[in-house]
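Count residues from 1 along the sequence. Reckoned from all heavy atoms, side chains included, excluding hydrogens, waters and symmetry mates.
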Amino acid sequence: MCGYANVSGTVSLQGRAIPVNAGQVTLTDLGGVFGPYTTNFDLNTGAFTISNVKVMPVGSNYQFDAAHGLSLGNRTTHTLNPLDSYTAPATRLLGGDANNAGLIDLG
């Protein structure tokens with residue numbers, strides 16, 4: 001038997017007020033039982049919400065990955081418990097593609 005948690009938060013991009021395309025937040029159950037769950041974050045506000053994330057009765061450890069094609073990703077972990085309404089700390093993705101070439105490189 002499992003429970004459910006709700007997760008929300010915000011993601012911003014260094015040096016970009018409004019990105020050209022959406023980035024994603026992915027939650028991965030580190031126990032390998034549930035998920036993964038993926039959603040886009042809002043282009044204007046960076047907000048995201050993932051509802052009804054399955055968790056074990058004693059809680060489940062989830063890896064949070066925020067990603068955008070023009071920025072370096074960010075990864076954190078958190079234990080979600082049944083009936084949690086967890087607000088993830090604001091995440092800022094550091095710039096990586098300064099010239100919009102679609103590549104993060106030193107060229």
Side-chain angles (χ1 to χ4, degrees):
M1 185 156 264
C2 68
Y4 296 91
N6 297 309
V7 176
S8 61
T10 58
V11 178
S12 63
L13 304 179
Q14 180 188 34
R16 295 177 189 273
I18 299 176
V20 176
N21 54 5
Q24 293 186 325
V25 175
T26 301
L27 304 183
T28 305
D29 174 20
L30 294 176
V33 178
F34 307 117
Y37 300 88
T38 299
T39 191
N40 290 337
F41 56 83
D42 184 270
L43 285 174
N44 295 311
T45 65
F48 70 90
T49 300
I50 302 176
S51 300
N52 299 317
V53 177
K54 290 183 180 180
V55 296
M56 298 298 285
V58 295
S60 295
N61 293 318
Y62 272 89
Q63 177 176 290
F64 289 61
D65 288 299
H68 188 275
L70 301 177
S71 300
L72 303 173
N74 189 349
R75 175 177 286 170
T76 61
T77 59
H78 185 77
T79 300
L80 297 176
N81 294 298
L83 303 177
D84 266 357
S85 287
Y86 176 67
T87 302
T91 300
R92 184 165 188 83
L93 301 182
L94 299 178
D97 181 5
N99 62 1
N100 289 331
L103 298 170
I104 299 174
D105 62 6
L106 296 174

Does Q24 reach the side chain of F48, with side-chain heavy atoms less than 4.5 Å apart? no
Closest heavy-atom contact between T91 and N74? CG2-ND2, 3.1 Å
Let me confirm one number: the CG-NE2 distance from N40 to H68, rounded to the nearest 0.5 Å. 9.5 Å
Which heavy atom of P82 sits nearest to which heavy atom of G3, and what is that distance? CB-CA, 4.1 Å
Is any side-chain heavy atom of Y86 less than 4.5 Å from a side-chain heavy atom of N81? no
Beyond-backbone contact of N61 with T77, side-chain heavy atoms, under 4.5 angstrom: no
In the structure I gave you, are the side-chain heavy atoms of L13 and F41 within less than 4.5 Å of one another anywhere? yes
Applying the side chain to side chain contact (heavy atoms under 4.5 Å, CB included) test to Y62, which of T28, I50, V55, V7 qualifies? V55
Closest heavy-atom pair and its distance - S71, L93: CB-CB, 3.7 Å
Closest contact, heavy atoms only, R92 versus Q14: NH2-CA, 3.5 Å
Below 4.5 Å, heavy atoms only, C-beta onward: do S60 and L80 meet side chain to side chain? no
Determine whether Y37 and N52 make a side-chain contact, defined as any pair of heavy atoms from C-beta on separated by less than 4.5 Å. no
Are V33 and F64 joined in one hydrophobic group, where the rule is that I, L, V, M, F, W and Y side chains link up if heavy atoms are under 4.5 Å apart? yes
Gap separating the CG atom of L27 from the NZ atom of K54, nearest 0.5 angstrom: 14.5 Å
Minimum heavy-atom separation for N6 and S51, please, with both atom names. OD1-CA, 3.2 Å
Closest heavy-atom pair and its distance - T49, S8: OG1-CB, 3.9 Å
